[in-house]
Each structure stands twice: as C-alpha cells, then as structure tokens.
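Let me begin by presenting the structure, written as structure tokens, before commenting on it.
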2 protein chains.
Amino acid sequence: MMGERQAVAAFAALGQDHRLRIVRALVTAGPDGLAAGVLAGEIGVSGTNLSFHLKELSHAGLIQSRREGRSVIYSAAFQGLSDLIQFLMRDCCQGRPEVWTPAIEALAACLCTPGDTAHA
Amino acid sequence: MMGERQAVAAFAALGQDHRLRIVRALVTAGPDGLAAGVLAGEIGVSGTNLSFHLKELSHAGLIQSRREGRSVIYSAAFQGLSDLIQFLMRDCCQGRPEVWTPAIEALAACLCTPGDTAHA
DNA sequence: GCAATATCTCAATCATTGTTGAAATATAGA
DNA sequence: TCTATATTTCAACAATGATTGAGATATTGC
C-alpha cells in the first residue's frame with residue numbers, strides 16, 4: 001500500500017512536462033519498452049537530460065530498466081502506476097459518487113474499446 | 001477531458017508534502033470544507049505559506065474556495081480529482097489487467113466499507 | 001468609525017530542480 | 001586492441017519553487 005511520502009515522490013515525478021511524456025510513451029510502448037536513445041528522439045530532449053529524468057522516474061518507482069546489448073531499455077512500472085491510481089482513489093472515493101462514477105466510466109470505456117488509442 | 005498540460009499542473013501541485021496533505025485533509029472534510037485558519041493549524045504551516053499553496057492548488061483545479069463571514073472556506077474540487085484519476089487510468093489501463101484490476105479492487109473496498117476511514 | 005480577527009499580497013531570501021557540455025563507463029564488432 | 005555506438009556521471013549555471021515577515025484588504029461586532 002503506497003504511503004504519503006511515496007505518493008508525493010510519484011506526483012512530483014509526473015509533474016514535469018518531459019517526465020509525463022516519457023511515462024506516457026513507455027506506457028503506450030508496453031512491457032517491451034523503448035531504448036533510451038529512441039525515447040530521447042521521441043520526447044525531443046538531449047541524452048544527458050533524458051538520463052536525468054529517467055533516474056527521477058526510476059527513483060519514484062514509475063519506470064524500470066534492463067540492458068539489452070549496448071542499449072538500455074526502459075519500460076513502465078505498471079505496478080507503481082497502479083499503486084498511484086489506488087492512492088488517489090482511496091482518498092477521493094469515500095462515499096462520493098461524483099468522484100468515482102466518472103472514473104469507472106473511463107475505465108469501462110478503456111475496456112470496451114481495446115483497439116482505440118485512448119489519447120489520440 | 002483533461003489534457004497533458006493540465007495533468008502536469010495537477011501532478012506538480014500534488015507533488016509537494018504540504019499540498020498533498022492539504023488536499024487529503026480537504027477530501028476527508030468533504031464538501032463542507034475547512035477554513036484557511038483551521039487548515040493552517042492542521043497542516044502545521046504559517047498562514048502566509050498556506051495561502052501560497054492554496055493558490056497553487058486552486059490554479060491546478062484541485063480545490064475551490066468560498067467566503068463565509070470573515071473566513072474563507074476551502075474544499076476539494078472533486079471534479080478535478082476525478083479528472084486526474086481518469087487521466088491516469090486512460091493512459092495506464094489499455095489492455096493491461098495488472099494495472100486496472102488492483103484499482104478496481106481498491107474502489108470496491110472503498111464502496112463496501114463506507115464507514116471505515118480508508119487511510120487510518 | 002474603531003478595534004479585532006482572518007486572510008492575502010508583496011518583496012526578499014534560500015533551497016531545489018532543470019539544463020547543458022565535457023568527460024567517463026559499458027558494449028559490440030573489426 | 002582499437003573504434004564506434006549508447007548511455008551515464010559530473011560540475012556548472014539558470015530557472016523555478018518554497019518560506020518568511022511586514023504591510024494591505026476584507027469582515028464582524030462594539
């Protein structure tokens with residue numbers, strides 16, 4: 001169960017343009033992930049800078065990495081993301097349908113249209 | 001539907017100890033909200049400093065305020081919080097049960113035990 | 001109107017974060 | 001081993017964020 005300290009770290013990590021884009025790109029890429037170089041091109045940021053942000057996200061438990069040949073492959077830490085969603089919901093859904101009803105609907109929409117890109 | 005820019009602002013707002021505690025206190029307080037002075041005492045922060053953080057949260061669309069007598073009452077913007085949850089889920093639940101299954105379970109736990117304090 | 005309470009704005013300061021280029025590390029192939 | 005490729009670490013600087021105290025604004029009751 002995610003605590004307040006971890007949640008702050010995770011939110012802070014996501015509260016930056018480049019880092020949010022990195023996470024979204026990695027989530028979209030799935031478990032296969034993306035090499036750091038590819039990611040740098042996609043996000044439009046220098047290798048040095050990307051490395052800095054990747055470390056931040058890694059410390060926050062939102063991404064993970066593995067080496068493959070001379071590339072380092074980064075991928076989303078789905079468990080970490082899931083924990084964060086749960087943390088938000090734990091606080092916000094306490095008997096307040098106006099909060100969790102739309103969340104459920106969004107979830108249902110995702111589940112019912114698996115082929116659609118949800119953020120086109 | 002929340003965009004990337006708004007999401008970054010919301011995450012950045014939550015990625016700070018005092019602000020996360022403010023939001024949690026306001027969510028727990030419900031629609032009635034809390035006066036700024038009460039909140040300052042609860043969080044343990046000076047009035048000036050609290051005011052700064054409240055403005056940040058307000059700009060991010062996570063809280064709202066109304067005047068009542070000589071107090072300003074702050075309350076959680078449940079719609080904004082809901083939008084943020086949806087943003088996270090939209091990105092993360094794309095055909096990945098390992099992400100959204102625990103989220104649903106957390107939600108179910110909240111719904112089944114309405115009297116329990118979810119973060120005791 | 002005056003004094004008391006509650007909150008906010010402003011300017012200054014200090015700490016943290018983001019960015020960059022140069023040098024270091026790790027891997028693969030000739 | 002030497003070279004090329006991929007990524008990270010380091011030191012510096014610029015930009016942003018957090019905190020504080022003093023003064024300004026708004027509201028209530030006398």
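Just so it is clear, the model here is predicted, and its values are computed rather than measured. All chains are named by letter (A, B, ...) in the order of the sequence lines, taking the proteins before the strands, and each is independently numbered beginning at 1.
Within the 4.0 Å cut-off from OP1 or OP2 of D/dG29, not a single side-chain nitrogen or oxygen of B/R70 is found. Between A/N49 and C/dT19, a side-chain N or O to OP1/OP2 separation shorter than 4.0 Å is present. The phosphate of C/dT9 (OP1 or OP2) has a side-chain N or O of B/K55 nearer than 4.0 angstrom. Contact between the side-chain N/O atoms of B/R67 and the OP1/OP2 oxygens of D/dT27 is found at a separation under 4.0 Å. OP1 or OP2 of D/dT19 sits under 4.0 Å from a side-chain N or O of B/H18. Between A/S51 and the phosphate of D/dT7, there is no side-chain N or O to OP1/OP2 separation shorter than 4.0 Å. The phosphate of C/dA6 (OP1 or OP2) has no side-chain N or O of B/Y74 nearer than 4.0 angstrom.
Mapping A/R19 and A/G69 onto DNA chain C by nearest heavy atom places A/R19 closer to the 5' end of the strand.
Atoms CG (B/L50) and C1' (C/dA6) sit 12 Å apart, rounded to a whole Å. Atom pair B/R66:CZ and C/dT7:P shows a separation of 13 Å (rounding to whole Å applied). Here the C1' atom of nucleotide D/dT19 and the CG atom of B/L54 are 15 Å apart, to the nearest Å. One interatomic measurement links the two molecules: NE2 of A/H59 to P of D/dT8, which rounds to 12 Å at whole-angstrom precision. In this structure, B/E68 places its CD atom 16 Å from C1' of C/dT5, rounding to the nearest Å. Atom CG of A/D17 is separated from atom C1' of D/dT16 by 13 Å (rounded to the nearest Å).
The side chain of B/H53 has D/dA18 as its nearest neighbour among C/dG18, D/dT8, D/dA18. Counting only heavy atoms from C-beta on, B/F52 has its side chain closest to D/dA18 among D/dA18, D/dT8, D/dT20. Considering only the side chain of A/E56, C/dG18 comes nearest among C/dT20, C/dG18, C/dC8. When distances are taken from the side chain of B/Q16 to each of C/dT7, D/dA6, D/dA18, the shortest belongs to D/dA18. If you check D/dA18, D/dC10, C/dT7 against the side chain of A/T48, the one that comes closest is D/dC10.
Counting non-hydrogen atoms of other residues, nucleotides and ligands closer than 6.0 Å to CZ of B/R66 gives a total above 12.
A/L39 pairs in a side-chain contact (heavy atoms from CB on, under 4.5 Å) with only one of the listed residues (A/V72, A/I22, A/I73, A/V45), which is A/I22.
Residues B/D83 and B/Q6 fail the side-chain proximity criterion, which asks for heavy atoms closer than 4.5 Å.
Counting non-hydrogen atoms under 4.0 angstrom, B/G47 reaches nothing in the nucleic acid.
B/F52 and B/Y74 are assigned to two separate hydrophobic clusters, defined by single-linkage of ILVMFWY side chains at heavy-atom distances under 4.5 Å.
Remark: side-chain polar atoms of A/S51 are not paired, donor with acceptor, to backbone N or O of A/G47 under 3.5 angstrom.
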